[in-house]
Amino acid sequence: MGRYVARRLIQMIPVLILVMALVFVVFRLIPGDPAQLMLGSNPNPESLAALREKMGLDQPIPEQFARWLGAALRGDFGTSRIDDQSVLKLVLAKFPITLELALVAMIIGCALGIPAGVVAAVRRDSWTDLFVRVAGLFGFSVPNYWLAILLVIVFSLKLGWVPPAGYTPPSKDLGAHLRYLALPALTMALPIAAEQMRFLRASMLDVIHQDYVRTARAKGLPPRVVVVNHALKNAMIPFLTISGLQFGFLLGGSVVIEQIFSWPGVGWLTYQSIQSRDYAVVQGAVLLSAIGFLLINLLVDLGYSVLDPRIRLR
């Protein structure tokens, strides 16, 4: 397994370089000159040219990318021109905030989606199954920004249970922090639960009629043991794939949700940096998100061998 992990880590390098090359080019095609934004709408041409030279914007894009990549390999991702901070320090400071939101949303999503998918499969074509399928279809289809606004109207404006948006560090006030965390986590968790329920239900229906499940029932094992120990464990393999993809996307930062709820994570930082054309911060945030996504995929592959001993990683 060690050789497999090492080989996968080496394979990540060209993927990361390709991702960063695409991001580097795409963001420089966005209309707007960062140097002009810094100097105002009618800058002095000489000052503008000097600032562009200082920022390296006067060089061809391939040369700019080569210089940035060489510095990044040495651990220097540049300096934010807005906050005048190291990009690496700034992004790493925001990453735990996004990680917390992603973990809480994933836990809530699994707590809702896994039992719903199992019950829907075991009670196929019943009223329970129909209700779970309709609820899952609704949660899967509703745009997350609309769901966020709906939850704010219901739980914040109407009921007044939680604040509509904001952030308080847990070290300062844990109770306020959890109240601010509730709505963004729930907004991200409901679509996750809906998708997990649909995948797990389909996977359970494929497994529940297999010969080894019928044999377990014929031996007189309790229904709960048959479902949990025999059917669910094997049905979790495709479910693990979709869960890994979901968590990878969450770890990249949900730009829309973090912006709506003023949650100062990686997604919020990326949005603010795009608006101000702070290329260095955007590149650092995307690189961190890409690394997180690739590592999650690696963990998912390792999880296959845990769930199914027949799978050998070489």
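Below, all heavy atoms of this structure are taken into account, side chains as well, without hydrogens, waters or symmetry copies. From a predicted model like this one, the values you see are computed outputs, not experimental measurements.
Separating the CG atom in Leu18 from the CG atom in Leu22 is a distance of 4.5 Å, to the nearest 0.5 Å. Rounding to the nearest 0.5 Å places OG1 of Thr270 at 10.5 Å from CD of Gln259. The distance from the CD atom of Glu195 to the CG atom of Leu200 is 12.5 Å, given to the nearest 0.5 Å. Atom CE of Met204 and atom CZ of Arg124 lie 12.5 Å apart (nearest 0.5 Å). From Asn144, atom CG reaches atom CD1 of Ile149 across 10.0 Å, with rounding to the nearest 0.5 Å. Rounding to the nearest 0.5 angstrom, the gap separating the OH atom in Tyr167 from the CG atom in Leu101 is 10.5 Å.
For Met188 against Ala105, the heavy-atom pair with the smallest separation is CB-CB, 3.8 Å. Closest heavy-atom contact between Val91 and Ala285: CG2-N, 4.0 Å. Shown here for Leu205 and Ala121, the closest heavy-atom pair between the two residues is CD2-O, 3.6 Å. What you find for Val152 and Pro164 is that their closest heavy atoms are CG1-CB, 3.9 Å. Summarising the geometry of Pro163 relative to Ser156, their closest heavy-atom pair is C-OG, 3.6 Å, with the distance given to 0.1 Å. The minimum heavy-atom distance linking Gly136 with Ala194 is given by the pair O-CB, 3.2 Å.
At least one side-chain heavy atom of Leu9 sits less than 4.5 Å from a side-chain heavy atom of Leu298. Side-chain contact between Met12 and Leu295 is present, with at least one heavy-atom pair separated by less than 4.5 Å. In this structure, Thr187 and Tyr145 have side chains that are not in contact, with every pair of non-hydrogen atoms separated by 4.5 Å or more. Looking at Arg133 and Asp129, their side chains come closer than 4.5 Å, going by heavy atoms from C-beta outward.
Hydrophobic clustering (ILVMFWY, side-chain heavy atoms < 4.5 Å, transitive): Phe199 and Val119 are in distinct clusters. In the hydrophobic clustering of ILVMFWY residues, with side-chain heavy atoms under 4.5 Å counting as a link, Ile10 and Leu294 come out apart. In the hydrophobic cluster analysis, where Ile, Leu, Val, Met, Phe, Trp and Tyr join through side-chain heavy atoms closer than 4.5 angstrom, Met197 is grouped apart from Phe138. Note on Ile108: it clusters hydrophobically with Leu250, by side-chain heavy-atom contacts below 4.5 Å among ILVMFWY residues. Hydrophobic clustering places Leu147 together with Ile257 (ILVMFWY residues linked when any side-chain heavy atoms are closer than 4.5 Å, directly or through intermediates).
Trp127 forms part of a hydrophobic cluster together with Leu130, Val134, judged by ILVMFWY side-chain heavy-atom separations under 4.5 Å.
Residues that satisfy the salt bridge (charged side-chain N to carboxylate O under 4.0 Å, His left out) test with Arg198, not counting sequence neighbours, are absent from this structure.
Judged by distance alone, the side chain of Ser141 and the main-chain N or O of Leu137 form a donor-acceptor pair under 3.5 Å. Under the 3.5 Å distance criterion, the side-chain polar atoms of Trp263 are matched with a main-chain donor or acceptor of Ile97.
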Identify every side-chain donor-acceptor pair in residues 177-184 under 3.5 Å, counting partners at least two apart or on other chains, and give the distances.
unit_1 : atom_1 : unit_2 : atom_2 : d
His177 : ND1    : Thr168 : O      : 2.7
His177 : NE2    : Glu100 : OE1    : 3.0
His177 : NE2    : Glu100 : OE2    : 2.5

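The environment of Phe293 atom CZ is dense: over 12 non-hydrogen atoms of other residues, nucleotides or ligands sit within 6.0 angstrom.
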Given Leu112 and Ile192, is the side-chain contact (heavy atoms from CB on, under 4.5 Å) satisfied, shown in steps?
CA-CA 9 Å; Leu112 296 175; Ile192 289 175; over 6 Å; no
Applying side-chain contact (heavy atoms from CB on, under 4.5 Å) to Val281 and Leu90, what does each step give before you reach the verdict?
CA-CA 8 Å; Val281 177; Leu90 184 62; 4.1 Å; yes
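Applying side-chain contact (heavy atoms from CB on, under 4.5 Å) to Leu287 and the options Leu16, Val87, Leu88 leaves one that passes, Leu16.
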